[in-house]
Amino acid sequence: MSIRTRFAPSPTGYLHIGGARTALYCWLETKHRGGEFILRIEDTDRERSTDAAVQAILDGMGWLGLSQDEGPYYQTLRMDRYREAAEGLVKAGKAYYAYESKEEIEAMRAAAIAAGEKPRYNGHYRDSSEPLRDDPNRVIRFRNPTEGSVVFEDRIKGRIEWANAELDDLVIFRSDGFPTYNFAVVVDDIDMRITDVIRGDDHVNNTPRQINIYHALGEPVPQFAHLPMILGPDGQKLSKRHGAVSVMQYRDDGFLPHALLNYLVRLGWSHGDQELFSVEQMIELFDVGDANVSAARFDLEKLSWINQQYIKTDDPAEVATHLLWHLTEAGIDPSLGGPDPVDVVIALRERAQTLREMADKAMVWYLPLTTYDEAAVAKHLKAPTALPALHSVRAQIEALTQWKPEAVHEAIKVAAEAIGEGMGKVAQPLRVAITGTQVSPSIDHTVYLAGKDEALARIDRAIALSNG
RNA sequence: GCUCCCUUCGUCUAGUGGCCCAGGACACUGCCCUCUCAAGGCGGCGACACGAGUUCGAAUCUCGUAGGGAGCGCCA
């Protein structure tokens, strides 16, 4: 039987790093084994679920390229099915109605804790022979086995055994007519013919309960793989202050989706010493059973490094499409003037870890030069050789008939030779003239990207500054 | 409190009894390259949580301790 997995977020917020990693691992395991990846929205919590969150999750998955083969399915559209399944269990004697109020349950729990015991339902209605009655507190509870234990082989954590005595009779159908999580997932995973449940390890505790429900329903139990959590840089649970932001924030911050995927796949999984993986390679090499067992911290610096590796080695035309998005965000339209974004990528790809940073640096060519760094002016435009250097290079540049980085490079070299100085004596004043600072890409690209007319105009202004 | 899970450099990890006085990557750092900044090359710093045991031999197996995490909801 071919593999079927699902990613089942609850729409109570955006898709964050932890969810994205879970989705990625499901997706990779499925692609690797040639099966179907299903997206299911677990929206039975009506208080906290929102349409905006559903859209945010869909957007995040789309940006990352984790497309589903089926779905999205919505639990709220399957209410009849849960009711039917729950009532079926009651008829079969595997579940029963109970009528305690929330207050009574709360008191029960408090009493247990006070007595130093594990808080659990006391099973009052478990063997009650009371006839079915209408009651606003009526729920359906699962008749959990009281003896023996549940054993399962987790593909990541290994063998896990749980004594049934530790489990109480959980509510599977609420008084408001909605199923509870532990019941709905089982019914869904059965109906959707899920063969491999890959999810966060905060669910291992739920697994024994769910397995008992599978048994009660007379259905085969799927394989489980519980992924360790992703922690914030400080080792604490991911919070909004670091990491737990929407994956879309990473797009806004200038990361390539593929770079994020690469970072995420290595966070908790590895293949020897390899750090960089194309999506195709991930699919080929990934096996969820090889995932690590312990939690990992999120490290923005390593993500940035990976991002730069792709900015550097991807096809510049491809990178430029992403850069263009950032330029547009910044209010720049390259079709109206300024350098070709592809040329900008070529000049800056070794100097920017993010596209955001690249877009920022590119502003020197897209916007008029308005400010000069004082120290740069003092050091390079007021130098004794500055004026002759600028005049010399201006003449060479003006004479150029071809506007290419190579030609500009040649012009600067000739200009330096003409005044008997090294490249540095010409390049630095020229750099300040073009950018107003002493830091920029190689001087030939820096001048080239400005365009001939603008380059000459900026040199003229520098000459004036140098004189004054 | 109870149950379950986890523990190799600051971080991500390799490692499944001898190849490991522990390898790679990020970060930090020294040198080289150089028109600035980067990128790159060559080095450096830096870890098997602790304690018993099994074994000729343990990062690798067992037990215990400590620390961390998750769960114990009519939330998912």
Side-chain angles (χ1 to χ4, degrees), chain A residues 8-12 42-45 47-49 75 98 100-102 105-106 109 112-121 137-141 154 157-158 160-163 165-168 170-182 184-185 200-208 226 228-229 231 233 235 237 263 266-276 292-306 308 312 348-353 361 376 380 409 412-413 416 422-432 435 437-444 446:
Chain A
S10 61
T12 55
E42 306 211 328
D43 54 355
T44 53
D45 183 347
E47 316 263 290
R48 300 193 299 153
S49 299
Q75 289 189 322
E100 285 90 354
S101 67
K102 289 180 185 176
I105 296 294
E106 195 45 54
R109 187 168 296 122
I113 290 171
E117 287 164 10
K118 191 166 179 162
R120 65 205 322 277
Y121 176 62
N137 288 325
R138 191 179 78 195
V139 299
I140 297 177
R141 282 186 182 269
D154 190 277
K157 309 247 179 206
I160 293 176
E161 178 167 4
W162 215 286
E166 292 296 328
L167 273 20
D168 65 356
L170 72 154
V171 170
I172 58 174
F173 207 78
R174 299 192 233 155
S175 55
D176 64 2
F178 277 70
T180 59
Y181 166 76
N182 278 306
V185 247
D201 70 2
D202 46 335
H203 288 292
V204 285
N205 304 281
N206 292 322
T207 307
H226 287 99
M229 313 185 47
L231 272 21
K237 202 168 166 177
Y263 177 70
R266 280 284 290 105
L267 200 59
W269 175 83
S270 62
H271 181 257
D273 289 337
Q274 189 172 345
E275 298 288 348
L276 269 14
N292 287 149
V293 289
S294 54
R297 299 188 193 200
F298 185 79
D299 180 10
L300 194 61
E301 286 181 327
K302 185 136 186 188
L303 202 213
S304 299
W305 176 79
I306 290 175
Q308 182 174 35
K312 257 170 44 183
L348 286 172
R349 59 181 167 172
E350 287 175 355
R351 296 172 173 76
Q353 291 203 306
K361 287 182 199 275
H380 298 294
H409 183 86
I412 296 167
K413 209 173 121 193
M423 278 282 281
K425 287 285 194 250
V426 177
Q428 280 305 83
L430 182 55
R431 173 169 280 116
V432 178
T435 70
T437 72
Q438 12 187 1
V439 176
S440 83
S442 63
I443 192 63
D444 45 358
T446 298

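Across all strands shown, B/A14 forms no Watson-Crick or G-U wobble pair with both key distances under 3.5 Å. A 3.5 Å limit on both hydrogen-bonding distances identifies B/G1 as the Watson-Crick or G-U partner of B/C72. Using Watson-Crick or G-U wobble geometry with both donor-acceptor distances under 3.5 Å, B/C28 finds its partner in B/G44. Pairing partner, B/C61: B/G53, with both Watson-Crick or wobble hydrogen-bond distances short of 3.5 Å. When both distances must be under 3.5 Å, the Watson-Crick or G-U wobble mate of B/U36 does not exist. For B/U7, the paired nucleotide is B/A66, the pair qualifying as Watson-Crick or G-U wobble because both relevant distances are below 3.5 Å.
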Between A/Glu100 and A/Glu106, is the side-chain contact (heavy atoms from CB on, under 4.5 Å) condition met? List the steps.
CA-CA 10 Å; A/Glu100 285 90 354; A/Glu106 195 45 54; over 6 Å; no
Apply side-chain contact (heavy atoms from CB on, under 4.5 Å) to A/Asp202 and A/Met229, showing your working.
CA-CA 8 Å; A/Asp202 46 335; A/Met229 313 185 47; 5.7 Å; no
With side-chain contact (heavy atoms from CB on, under 4.5 Å) as the criterion, how do A/Phe298 and A/Leu303 come out once you've worked through the C-alpha distance, each side chain's angles and the decisive distance to 0.1 Å?
CA-CA 9 Å; A/Phe298 185 79; A/Leu303 202 213; 4.1 Å; yes
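No hydrogens or angles considered: nothing links the side chains of A/Asn182 and A/Thr180 as a donor-acceptor pair under 3.5 Å.
Regarding contacts with the backbone of B/U36, every side-chain N or O of A/Ser440 stays at 4.0 angstrom or more from both OP1 and OP2. The phosphate of B/G73 has OP1 or OP2 within less than 4.0 Å of a side-chain N or O from A/Arg109. OP1 and OP2 of B/A76 both lie 4.0 Å or more from every side-chain N or O belonging to A/Thr180. Note on A/Lys413: every side-chain N or O is 4.0 Å or more away from OP1 and OP2 of B/C35.
Considering only side-chain atoms of A/Gln308, the nucleotide from B/A76, B/C74, B/A39 that sits closest is B/A39. If you check B/U7, B/C26, B/C35 against the side chain of A/Met423, the one that comes closest is B/C35. In the set B/U7, B/C35, B/A39, the nucleotide with an atom closest to the side chain of A/Glu350 is B/A39. Set against B/C74, B/C12, B/G40, the side chain of A/Arg297 has B/C12 as its closest nucleotide. In this structure, of B/C26, B/U13, B/U3, it is B/U3 that holds the atom nearest to the side chain of A/Glu166. Counting only heavy atoms from C-beta on, A/Pro119 has its side chain closest to B/G73 among B/G73, B/C4, B/U13. Taking every side-chain heavy atom of A/Tyr181 into account, B/A76 is the closest of B/A76, B/A38, B/G73. Closest to the side chain of A/Asn292, out of B/A76, B/A14, B/C35, is B/A14.
At a threshold of 4.0 angstrom between heavy atoms, the contacts of A/Ser442 include nucleobase atoms, whether or not backbone atoms are also involved. Note on A/Gly200: nothing from the nucleic acid sits closer than 4.0 angstrom, heavy atoms only. Note on A/Lys312: only backbone sugar-phosphate atoms sit closer than 4.0 angstrom, heavy atoms only; bases stay farther off. Heavy atoms of A/Pro9 sit nowhere under 4.0 angstrom from any nucleic acid atom. Using a 4.0 Å heavy-atom cutoff across all strands shown, A/Leu267 reaches sugar-phosphate atoms only and no base atom. Base contact: A/Gln438 has a heavy atom under 4.0 Å from a base atom. A/Arg349 comes within 4.0 angstrom of nothing in the nucleic acid, heavy atoms only.
Minimum interatomic distance between A/Gln438 and A/His380 (heavy atoms only, all atoms of both residues): OE1-NE2, 3.1 Å. A/Asp168 approaches A/Arg120 most closely through the heavy-atom pair OD2-CA, 3.2 Å.
Between the base of B/C74 and the side chain of A/Ser175 there is a donor-acceptor pair shorter than 3.5 Å. Contact annotation: side chain of A/Arg431 to base of B/C35, donor-acceptor pair present below 3.5 Å.
Side-chain contact check for A/Gln75 versus A/Tyr181: every heavy-atom pair is 4.5 Å or farther apart. A heavy-atom distance below 4.5 Å is not found between the side chains of A/Thr207 and A/Ile160. Side-chain contact check for A/Pro11 versus A/Ser49: some heavy-atom pair is nearer than 4.5 Å.
Judged by distance alone, the side chain of A/Arg266 and the main-chain N or O of A/Trp269 form a donor-acceptor pair under 3.5 Å. Between the side chain of A/Ser10 and the backbone N or O of A/Thr12, no donor-acceptor pair lies under 3.5 Å.
Taking atom C1' in both B/C28 and B/G67, the straight-line distance is 27 Å, to the nearest Å. Taking atom P in both B/A59 and B/G51, the straight-line distance is 13 Å, to the nearest Å. Across the P atoms, B/C20 and B/G15 are found 15 Å apart, a figure rounded to whole Å.
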Tabulate atom names and distances for all N/O pairs under 3.5 angstrom spanning the protein and nucleotides 22-25 of chain B.
{"from": "B/G23", "atom 1": "N2", "to": "A/Asp273", "atom 2": "OD1", "distance (Å)": "3.1"}
{"from": "B/G24", "atom 1": "N2", "to": "A/Arg266", "atom 2": "NH2", "distance (Å)": "3.4"}
{"from": "B/G24", "atom 1": "N2", "to": "A/Glu275", "atom 2": "OE2", "distance (Å)": "3.1"}
{"from": "B/A25", "atom 1": "O4'", "to": "A/Glu275", "atom 2": "OE2", "distance (Å)": "3.1"}
{"from": "B/A25", "atom 1": "O2'", "to": "A/Lys302", "atom 2": "NZ", "distance (Å)": "3.3"}
{"from": "B/A25", "atom 1": "N3", "to": "A/Lys302", "atom 2": "NZ", "distance (Å)": "3.2"}

Which atom pairs link the protein and nucleotides 64-69 of chain B when you take only N or O atoms and keep those under 3.5 Å?
none

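The interatomic distance linking A/Lys157 (NZ) with B/C4 (P) rounds to 14 Å, in whole Å. A straight line from CD of A/Gln353 to P of B/A39 spans 7 Å, rounded to a whole angstrom.
Take the nearest nucleotide of RNA chain B for A/Pro179 and for A/Glu161: the residue whose nucleotide is more 5' is A/Glu161.
For NZ of A/Lys413, the number of neighbouring non-hydrogen atoms (other residues, nucleotides, ligands) closer than 6.0 Å is 12 at most.
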